[in-house]
There are 2 protein chains.
Amino acid sequence: MELRGKLQEILRDIEENYLPSVSLDLVVFGFHESQLKVLLLRFKDSNDWILPGGRVRKDENLDEAAYRSLRERTGLDRLFLQQFHTFGNVNRMTYFSREETLERMGLAEAAAGLWDSTYWANRDISVGYYALVDFTGTVPTPDFMADECRWWDIAEVPHLLFDHNEMIRLALRTLRRQLSYQPVGYNLLPETFTMTELQSLYETILGRSLDRRNFYKQILHYDVLERLGKRPTIPASKAPYLYRFRKERYEQLLNDEDLSVG
Amino acid sequence: MELRGKLQEILRDIEENYLPSVSLDLVVFGFHESQLKVLLLRFKDSNDWILPGGRVRKDENLDEAAYRSLRERTGLDRLFLQQFHTFGNVNRMTYFSREETLERMGLAEAAAGLWDSTYWANRDISVGYYALVDFTGTVPTPDFMADECRWWDIAEVPHLLFDHNEMIRLALRTLRRQLSYQPVGYNLLPETFTMTELQSLYETILGRSLDRRNFYKQILHYDVLERLGKRPTIPASKAPYLYRFRKERYEQLLNDEDLSVG
DNA sequence: ACAAAAGTGTTCCAGATACACCCATGC
DNA sequence: GCATGGGTGTATCTGGAACACTTTTGT
């Protein structure tokens, strides 16, 4: 019964080193082939998918915990990560009963008698973060409760456990709003890209098509792109220019927040 | 040593009935005499001020806990209340040491030996909410740790304990942003008001003066106000019209969010 | 009559939208 | 030579900002 021993150890570790009642969930966005992707985990021996998440160490800042969790799931560092909402409904975890949840995780047997653990006994408040990451550089890695971690097309996300579909919905809304007053793409695209690729990213996030000429004007007006040479040409088309974000300008725009308070 | 007994009882109640590690703090905005006000509490027998806060019952939704806490502090019900950020730095409570904090609360003696309580032992994650309330209808009520609860002019807020000044700053930023895409005032003004009073509210929140004519146009364009008769006239001036919010339209605008997700 | 507050309309500019043609390449 | 995708400029609309005079009333 190795699984049970392992589970016990994990629960002990959680109770000893992590804050009770608080968890966090990550909506990790990636972009590939004109599709917005979300990273999901599949529970061990089940067909149920959830968002990757994590817990907060007792000696760790909340934001740091989110960065750490994201790093563990994607192998990436230094990425865009931002809190968007905190979820605290009593029944947010009980989309299925605790028993059924464990069942679906293939942990029912292993977890028997461990239910008085703080980890299972209390519902959690969960802080939702959303992240933008470079799809191609990511190494999706399952955690101890999952045996699969992979990208899903945003339009094809299945019904998830708990309130995780709602989390994606809210994260996407936040991302869309952000688009209207800040540049996006540095963490979602490879180092260099064509204008068409960038436009395609915007269209995917917004869920509607944009006028090419107007998009050029707007994005160039931001003064955040650097134009490089032409891309070695591909089938049946004129060679497009490659662009790169001017990092210092990009970050300046990200920090252009009204910081004044009367 | 009655205080000690009471404290013990409170701690026991907290451990038994409330979520550990999670608290919430309220930035309660009111408006009076052209000034934006914030509700603050003063710790027992000390000169230190903090934001009112609360904890989440184990069987209670996070938002409900915020409403309940606000009701306890202001006597008001049915008000505007919204989450704006969750604060989770390890050292956010240690603006002063725990000992010093208790000292300043006049609780050092009473709390001796109770420090292994979960309530003191762990730092908290705190969910920040901001509220807009009708100044005149409010009955500020201290909680068990405070012996004073009163309104402060936003410009005169002193240094607060913990990260509470930062919380006010962020709440105000959120409120200002909200102003740009939603009407504000229903919960901050009396039932009827003049256009000048409403403008004054906007100016106070934004921290800058607005053009009267443009303000009229914009706000009327929202189609959210109902014009009533003229106010019985006051010193040396033309009698101004009174207005009232059209509630159904007001709430429609509040809910006018892009709810679509691709 | 004059001081103080209230009410109202027009001009101007900037940012967003709508829209069409030419060029380079691969087949 | 034609189909595909890339690159560019101009006219129009709309929302926001700037701005001045007249009316009422109390002193």
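Per chain, numbering begins at 1; letters A, B, ... match sequence-line order. For clarity, every value in this text was computed on a predicted model and none was experimentally measured.
- You'll find the ring centres of B/Phe135 and B/Phe31 outside the 6.0 Å limit.
- Atom-to-atom, CZ of A/Arg231 to P of D/dG6 comes out at 10 Å; the value is rounded to the nearest Å.
- Between the CD atom of B/Glu197 and the C1' atom of C/dA6 there is a distance of 13 Å, given to the nearest Å.
- For B/Tyr243, there are no ring pair (Phe, Tyr, Trp, His ring centres under 6.0 Å) partners, not counting sequence neighbours.
- Salt bridge annotation for B/Arg68-B/Asp77: absent, with no cationic side-chain nitrogen under 4.0 angstrom from a carboxylate oxygen.
- You'll find that the side chain of A/Lys238 is closest to C/dA24, out of C/dT8, C/dA6, C/dA24.
- Using a 4.0 Å cut-off on heavy atoms, the residues of residues 210-223 of chain B that approach DNA chain C are B/Arg212, B/Arg213, B/Tyr216, B/Lys217, listed by number.
- Remark: A/Glu226 pairs with A/Arg244 by the salt bridge (charged side-chain N to carboxylate O under 4.0 Å, His left out) rule, at least two apart or across chains.
- When heavy atoms are screened at a 4.0 angstrom cut-off, B/Thr194 is found touching no nucleic acid atom at all.
- We find that CG of A/Leu198 is positioned 13 Å from P of D/dG6, with the value rounded to whole Å.
- The side chain of A/Thr196 contributes an N or O atom lying less than 4.0 Å from OP1 or OP2 of D/dG6.
- A donor-acceptor contact closer than 3.5 angstrom links the side chains of B/Ser200 and B/Ser34.
- The pair A/Arg231-A/Glu197 meets the salt-bridge criterion, since a charged nitrogen lies less than 4.0 angstrom from a carboxylate oxygen.
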